[in-house]
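Down below is the structure, laid out as structure tokens.
Everything quoted here is computed from the prediction, not taken from an experiment. Residue numbering restarts at 1 for every chain, and letters A, B, ... go by the order of the sequence lines.
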Protein chains: 2
Amino acid sequence: MRRDVFQAIADPTRRAIIGLIALQAMTPNALAEHFDMSRQAVSKHLRILTECELVKPEQQGREIYYLLEMEKMKEVDQWLEPFRKIWVARFDELDGVLDRMKKKNKG
Amino acid sequence: MRRDVFQAIADPTRRAIIGLIALQAMTPNALAEHFDMSRQAVSKHLRILTECELVKPEQQGREIYYLLEMEKMKEVDQWLEPFRKIWVARFDELDGVLDRMKKKNKG
DNA sequence: TAATTTAGCAACCAAATGGTTTCCTAAATT
DNA sequence: AATTTAGGAAACCATTTGGTTGCTAAATTA
């Protein structure tokens, strides 16, 4: 099976989990309360997130807190980077067009 | 089935397709030459990308050029935004720490 | 007009997903 | 010592994925 960030964020439940633990580390039980599914289903998502290294389990007594590995999130950002450049370039282009239009109207 | 940007970019072949057509619109056959799989397999990925509205087919004679819908890519960027804020905040925090260290060494 | 090229569509298949339920172990509580 | 609680592991299931091959239709070329 594929185990990378893109696989990790493909599922909406997993994106929601990421959103929740970004605010604060949480246990599987606490997380499960936010979803309409069994604790085990959430645990499975946590396992995938752990395998993708987007999340790190930290034992605390009999509880396990899952924390977000922010570094891994940057991989998505990095993949996006060249595309962001393209749309910024297009915006600048449009900017130039608008500029020329203004000048034309003035003159 | 789920049909959103995150599903679209989950597959490495699809990410590669996106990368290729970001440079220039391409036909399924032209795309297939870049991969070690059948033209039909690539076409299936194009269908998913089209359903996710990340790509737009444009008929030209008997050829169909697929172009990237850059706007849709921004949805990933938008989802990332709050997380980016967090890691920027952490960097600033670290910055503050380094600053205080410097001052301590000076004094 | 006949042959070729482009590309979508359908059927098929093995493997992966996303969920369930049941079971087990280890800590914490009584 | 017995019980409750937290949470992982396994078995199971339906659906989806990602690939294959074979077909057809339309446009192009000879």
Side-chain angles (χ1 to χ4, degrees), chain A residues 1-21 24-69 72 76 79, chain B residues 1-21 24-69 72 76 79:
Chain A
M1 345 142 192
R2 231 171 321 120
R3 285 294 178 253
D4 58 32
V5 210
F6 299 98
Q7 186 65 14
I9 65 169
D11 184 88
T13 303
R14 283 199 292 271
R15 286 200 300 281
I17 290 176
I18 291 170
L20 284 166
I21 67 170
Q24 60 174 330
M26 291 176 82
T27 66
N29 268 312
L31 277 167
E33 280 173 19
H34 289 80
F35 301 98
D36 188 26
M37 66 180 73
S38 70
R39 196 251 318 156
Q40 281 87 342
V42 172
S43 252
K44 270 184 139 192
H45 283 301
L46 284 171
R47 194 160 71 89
I48 291 171
L49 287 170
T50 307
E51 282 168 4
C52 296
E53 295 181 286
L54 236 135
V55 134
K56 204 179 63 186
E58 207 150 86
Q59 190 96 30
Q60 221 159 100
R62 72 178 160 186
E63 292 180 326
I64 297 175
Y65 282 87
Y66 283 84
L67 8 131
L68 187 59
E69 294 273 44
K72 208 72 183 178
V76 185
W79 178 73
Chain B
M1 340 138 197
R2 232 172 319 118
R3 284 296 179 250
D4 57 33
V5 210
F6 298 98
Q7 187 65 14
I9 66 170
D11 184 87
T13 304
R14 284 199 291 271
R15 286 199 301 280
I17 290 176
I18 291 170
L20 284 167
I21 67 169
Q24 60 172 330
M26 291 177 83
T27 65
N29 268 314
L31 277 167
E33 280 173 20
H34 289 81
F35 301 98
D36 188 26
M37 64 179 73
S38 69
R39 197 251 320 155
Q40 281 87 343
V42 173
S43 253
K44 270 184 139 191
H45 283 302
L46 284 171
R47 195 160 70 90
I48 291 172
L49 287 170
T50 307
E51 282 168 5
C52 297
E53 295 181 286
L54 236 133
V55 134
K56 204 178 64 187
E58 207 150 85
Q59 191 96 29
Q60 222 160 96
R62 73 179 157 188
E63 291 180 326
I64 298 176
Y65 282 87
Y66 283 84
L67 8 132
L68 187 59
E69 294 271 43
K72 208 70 182 182
V76 185
W79 178 72

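- Annotation: of the two residues near DNA chain C, B:Lys44 and A:Met1, the 5′-most nearest-nucleotide partner is B:Lys44.
- Closest to the A:Pro28 side chain, of the nucleotides C:dA7, D:dG19, D:dG7, is D:dG7.
- To the nearest angstrom, P of D:dA9 lies 16 Å from NE2 of A:His45.
- Between the P atom of D:dC23 and the CD atom of B:Gln40 lies a distance of 12 Å, rounded to the nearest Å.
- Checked by atom type and distance alone, the side chain of B:Gln59 pairs as donor or acceptor with a backbone atom of B:Gly61 at under 3.5 Å.
- Between the side chain of B:Arg39 and the base of C:dG8, a donor-acceptor pair under 3.5 Å is found.
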Would you please test B:Arg15 and A:Asp4 for salt bridge (charged side-chain N to carboxylate O under 4.0 Å, His left out) and show each step?
-> CA-CA 13 Å; B:Arg15 286 199 301 280; A:Asp4 58 32; 3.7 Å; yes
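- Residue A:Gln60 is classed as having no contact, given no heavy-atom separation below 4.0 Å to the nucleic acid.
- Per the geometry, CG belonging to A:Asn29 stands 5 Å off P belonging to D:dA6, to the nearest Å.
- As a whole-Å value, the separation of A:Glu33 CD from D:dA6 C1' is 13 Å.
- Residue B:Ile64 contributes atom CD1, which lies 18 Å from atom P of C:dT5 at whole-angstrom precision.
- The listed nucleotides are D:dG19, D:dG18, C:dG18; the one nearest the side chain of B:Arg14 is D:dG18.
- In this structure, A:Leu49 places its CG atom 16 Å from C1' of D:dG8, rounding to the nearest Å.
- Using a 4.0 Å heavy-atom distance criterion, B:Tyr66 is classed as a sugar-phosphate-only contact.
- Per the geometry, CZ belonging to B:Arg62 stands 8 Å off C1' belonging to D:dT29, to the nearest Å.
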